[in-house]
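Chain naming here is simple, since letters A, B, ... match the order of the sequence lines and numbering starts at 1 in each.
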2 protein chains.
Amino acid sequence: MSDIKPTESELEILQVLWEKGPSTVREVHEELSKNKESGYTTTLKIMQIMHEKGLVSRNTSAKTHVYSAEVSKQQAQKSALNKIIDTVFTGSTADLVIQALGSHRASKDEIDAIKDYLKQFENK
Amino acid sequence: MSDIKPTESELEILQVLWEKGPSTVREVHEELSKNKESGYTTTLKIMQIMHEKGLVSRNTSAKTHVYSAEVSKQQAQKSALNKIIDTVFTGSTADLVIQALGSHRASKDEIDAIKDYLKQFENK
DNA sequence: TTGCAAATACGAAAACTATCGTAGATATTT
DNA sequence: AAATATCTACGATAGTTTTCGTATTTGCAA
């Protein structure tokens with residue numbers, strides 16, 4: 001089980017890549033700048049480090065490199081869940097689910113989706 | 001909304017305090033040592049820092065100080081959830097729940113608990 | 001082709017976290 | 001009371017992450 005552990009800043013960048021698809025540093029940086037103040041070379045540097053770590057790949061055929069996420073959103077989700085289930089939920093998935101539903105009011109559609117999902121455990 | 005952001009080590013300590021209740025550094029350290037190798041003064045130092053930050057309080061009337069968690073497990077859970085919902089789940093509670101149930105096989109009891117919980121949304 | 005603009009590469013500083021050695025204080029034991 | 005054990009306080013080091021300044025490279029336009 002290769003453990004994916006992007007840092008905070010790395011996650012912010014992955015988010016952009018997941019949403020926008022393969023992007024240049026400039027594009028990622030523009031996007032991040034909407035919420036946060038920071039220099040262009042900072043974003044560049046972090047993306048370069050991510051590349052060394054294998055979190056992203058990049059196409060360097062043109063002057064301006066294009067970066068792509070190499071970890072899927074799902075992998076990151078799973079990894080993030082693992083972590084907080086271990087640390088704050090004492091291993092209880094049920095606690096997590098109930099907390100999540102309790103403090104983040106889900107929409108009716110969401111509730112329905114979850115109910116549907118649970119049906120598969122009906123006959124066990 | 002005061003944002004609780006304990007570090008990794010701080011969370012490990014909080015876990016002990018949540019489970020055992022108010023404890024001395026020695027007690028916390030013994031507990032941590034079960035899973036992890038590290039020096040006593042390391043634990044002490046972190047707990048002192050946590051005190052500065054207000055994550056714990058302490059009773060210094062005796063020679064040996066007694067520390068108590070000042071953030072509840074619930075607060076930490078909520079905060080951890082908020083964070084990952086923002087970063088990796090793009091705001092979708094349903095995604096989170098389904099992922100959680102999918103990758104961490106919950107026990108039958110847990111599934112039942114969740115189903116029960118969902119019943120309260122029956123008539124909406 | 002020369003110069004300018006935009007991009008990458010590099011390295012180092014700053015900020016934060018974790019770790020521990022040592023000193024000093026406070027009890028406990030002999 | 002002196003020696004011993006245990007605790008807190010303090011400061012320094014090491015590791016990690018974030019940030020950015022500066023140099024170099026690359027493509028385009030004058």
Provide the closest heavy-atom pair for Q77(A) versus V88(B) in the form atom of the first, atom of the second, distance.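 Heavy atoms only, the tightest pair is NE2-O, 2.9 Å.
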
Span of DNA chain C in contact with chain B (heavy atoms, under 4.0 Å):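 Range of nucleotides touched by chain B: dT17(C) to dA27(C).
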
Can you see if the side chain of Q48(B) gets near the phosphate of dT8(D) - specifically, an N or O under 4.0 Å from OP1 or OP2?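 For dT8(D), neither OP1 nor OP2 has a side-chain N or O of Q48(B) closer than 4.0 Å.
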
State whether R26(B) places a side-chain N or O below 4.0 Å from either non-bridging phosphate oxygen (OP1 or OP2) of dA5(D).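 For dA5(D), neither OP1 nor OP2 has a side-chain N or O of R26(B) closer than 4.0 Å.
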
Under a single-linkage definition using a 4.5 Å side-chain heavy-atom cutoff for Ile, Leu, Val, Met, Phe, Trp and Tyr, are I98(B) and F89(B) assigned to the same hydrophobic cluster?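 Same hydrophobic cluster.
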
Return the value, rounded to whole Å, for the distance between atom CD of E30(B) and atom C1' of dC7(D).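 E30(B) atom CD is separated from dC7(D) atom C1' by 14 Å.
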
Using atom CD1 of I49(A) as one end and atom C1' of dG15(D) as the other, report the distance to the nearest whole Å.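 Rounded to the whole Å, the gap is 14 Å.
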
Are the charged groups of K83(B) and E8(A) less than 4.0 angstrom apart, N to O?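 Here K83(B) pairs with E8(A) in a salt bridge, since their nearest N and O are under 4.0 Å apart.
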
With the threshold set at 4.0 Å, does a side-chain nitrogen-carboxylate oxygen contact exist between E19(B) and K73(B)?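 Not counted as a salt bridge, because no side-chain N and carboxylate O are separated by less than 4.0 Å.
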
Stretch residues 59-70 of chain A: residues that reach within less than 4.0 Å of DNA chain C through a heavy atom: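 K63(A), T64(A), H65(A), in order of number.
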
Contact residues, residues 8-19 of chain B to DNA chain C [heavy atom, < 4.0 Å]: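 Those residues are E8(B), S9(B).
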
Using the ring-ring contact (aromatic ring centres under 6.0 Å, His included) criterion, which residues pair with H65(B)? Sequence neighbours excluded.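 H65(B) satisfies ring-ring contact (aromatic ring centres under 6.0 Å, His included) with no residue once adjacent residues are dropped.
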
Can you tell me how far the CD1 atom of I84(A) sits from the CG atom of L96(B), to the nearest 0.5 Å?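 Output value for this atom pair is 6.5 Å.
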
Could you measure the distance from the CG atom of L14(A) to the OG1 atom of T87(B)? Nearest 0.5 Å is fine.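 Reported value, rounded in 0.5 Å steps: 10.0 Å.
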
Touch check for T7(B), heavy atoms < 4.0 angstrom, all strands: base, sugar-phosphate only, or nothing?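 Result for T7(B) = sugar-phosphate.
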
Considering residues at least two apart in sequence or located in another chain, which fulfil the side chain to side chain donor-acceptor pair (under 3.5 Å) criterion with S57(A)?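 If we apply the side chain to side chain donor-acceptor pair (under 3.5 Å) test to S57(A), skipping adjacent residues, the hits are E70(A).
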
Using five pairs at either end of the helix from dT1(C)-dA30(D) to dT30(C)-dA1(D), determine the angle between the two local helix axes and round it to 10 degrees.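 Overall, the helix from dT1(C)-dA30(D) to dT30(C)-dA1(D) bends by 10° from one end axis to the other.
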
